[in-house]
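Values below: every heavy atom of this structure, side chains too, minus hydrogens, waters and symmetry copies. Counting convention: from 1, in listed order, for ligands and their atoms alike.
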Amino acid sequence: MILTRKLLCVLLLSPTLALAQSAPALKSGQQVYRETCMVCHGPGLAGAPRPGDKQAWGKLMAEGQAVLTAHGWVGVRAMPPKGGRNDLSLEEFARAVAWMARESGGKWQDPDARLLERIRGEESKRIEQLRKSGKG
Ligand code: HEC
């Protein structure tokens, strides 16, 4: 009887374990922030908007989540592309932006597939814009 229960447990758990192994877990926005963005955004280095600065983030959030995320991702003024981390995925970067926005009174959520697509669209537009203005 005990053996059967154990077996049942293993059978029930194995698909979950297999899933956890095959897809490397994405980092949370807060994790990405701490590992990558905090060095500049924590102290507000070179004018980096600090999480919790409602005034600064209020203005940024008015640009919309897709646009603002894309501009940060491509890089803007003293903000390095991808926050200087080339191994970061767009989804993880976007989560960090959303996390900072939430810390600053916003309601931005981690992006879903549709929003990620819109961010990609804005990324292309931005790159084209920079290319035309001779800055890219
Ligand atoms: C080397 C310092 C540095 C790092 C690291 C950094 N940032 Fe920034 N970031 C800046 C600065 C400086 C600005 C302000 C740019 C300006 O407006 O001149 C900025 C601005 C931004 C903006 C606003 C962009 C806009 O359109 O005004 C976003 C969004 C952003 N950062 C997200 C992030 C995220 C997410 C990370 C981590 C993955 C990150 N940053 C890491 C320095 C940094």
*asked:* As an exercise, identify every atom of ligand 1 less than 4.0 angstrom from a heavy atom of His71.
replied: 26 (O)
_Shortest protein heavy-atom distance from atom 15 (C) of ligand 1, along with the residue and atom involved_ = Val76 O, 3.8 Å
*Between Arg120 and Glu123, is there a salt bridge with N-O shorter than 4.0 Å?*
yes
*Measuring from the heavy atoms of Met100, does anything fall under 4.0 Å of ligand 1?*
yes
*Considering only non-hydrogen protein atoms, determine which one is nearest to atom 26 (O) of ligand 1 and report residue, atom name and distance to 0.1 Å.*
Leu68 CD1, 3.5 Å
*Of the backbone and side-chain N, O or S atoms of Cys37, does one lie nearer to atom 8 (Fe) of ligand 1 than 2.8 Å?*
no
_Any donor-acceptor pair under 3.5 Å from Glu103 side chain to Gln30 backbone_ = no
_Side-chain (Trp99) to main-chain (Asp110) donor-acceptor, under 3.5 angstrom_ = no
*Should you measure from each heavy atom of Ala78, which atoms of ligand 1 turn up under 4.0 Å away?*
12 (C), 42 (C)
_Protein heavy atom at shortest distance from atom 4 (C) of ligand 1_ = Cys40 SG, 3.3 Å
*Show which atoms of ligand 1 fall inside a sub-4.0 Å distance from at least one heavy-atom site of Pro80.*
1 (C), 3 (C), 43 (C)
_Proximal ligand 1 atoms for Leu45, defined as those under 4.0 Å from one of its heavy atoms_ = 12 (C)
*atom 14 (C) of ligand 1: which protein heavy atom is closest, and how many Å away?*
Gly47 O, 3.7 Å
*Indicate yes or no: does Glu35 engage Lys27 in a salt bridge with an N to O separation below 4.0 Å.*
yes
*Cys40 and Pro43: which non-hydrogen atoms are nearest, and at how many Å?*
O-CD, 3.4 Å
_Shortest protein heavy-atom distance from atom 5 (C) of ligand 1, along with the residue and atom involved_ = Thr36 O, 3.3 Å
*Would you call Glu128 and Arg131 a salt bridge, using N to O less than 4.0 angstrom?*
yes
*Would you call Pro49 a ligand 1 contact, heavy-atom distance under 4.0 Å?*
yes
*Provide, to 0.1 Å, the distance between atom 27 (O) of ligand 1 and the closest protein heavy atom, together with that atom's residue and name.*
Leu60 CD2, 3.4 Å
*Shortest protein heavy-atom distance from atom 33 (C) of ligand 1, along with the residue and atom involved*: Met79 CE, 3.3 Å
_Closest protein heavy atom (residue, atom, distance) for atom 16 (C) of ligand 1_ = Arg77 NE, 3.2 Å
*Examine ligand 1 and decide if any of its atoms is less than 4.0 Å from a heavy atom belonging to Leu88.*
yes
*Ion pair check, Lys59 and Asp53, cut-off under 4.0 Å*: no
_Close side-chain approach of Val76 to Arg126, heavy-atom, < 4.5 Å_ = yes
_Looking at non-hydrogen atoms alone, which of Met38, Arg34, His41 comes nearest to atom 30 (C) of ligand 1?_
His41
_If the cut-off is 4.0 Å to any non-hydrogen atom of Gly83, which atoms of ligand 1 fall inside it?_
5 (C), 41 (C)
*Indicate yes or no: does Glu122 engage Lys125 in a salt bridge with an N to O separation below 4.0 Å.*
yes
*asked:* Donor-acceptor pair, distance only, cut-off 3.5 Å: does the side chain of His41 make one with the backbone of Pro49?
replied: yes
_Close-contact set for ligand 1 against Ala96 heavy atoms, below 4.0 Å_ = 35 (C)
*Taking only heavy atoms of Ala46 into account, list the atoms of ligand 1 that are under 4.0 Å away from them.*
12 (C)
*Just wondering, are more than 12 heavy atoms of other shown residues or ligands nearer than 6.0 Å to CZ in Arg102?*
yes
_Quick test of your reading of the model: are Asp87 and Arg85 salt-bridged, counting only N-O distances below 4.0 Å?_
yes
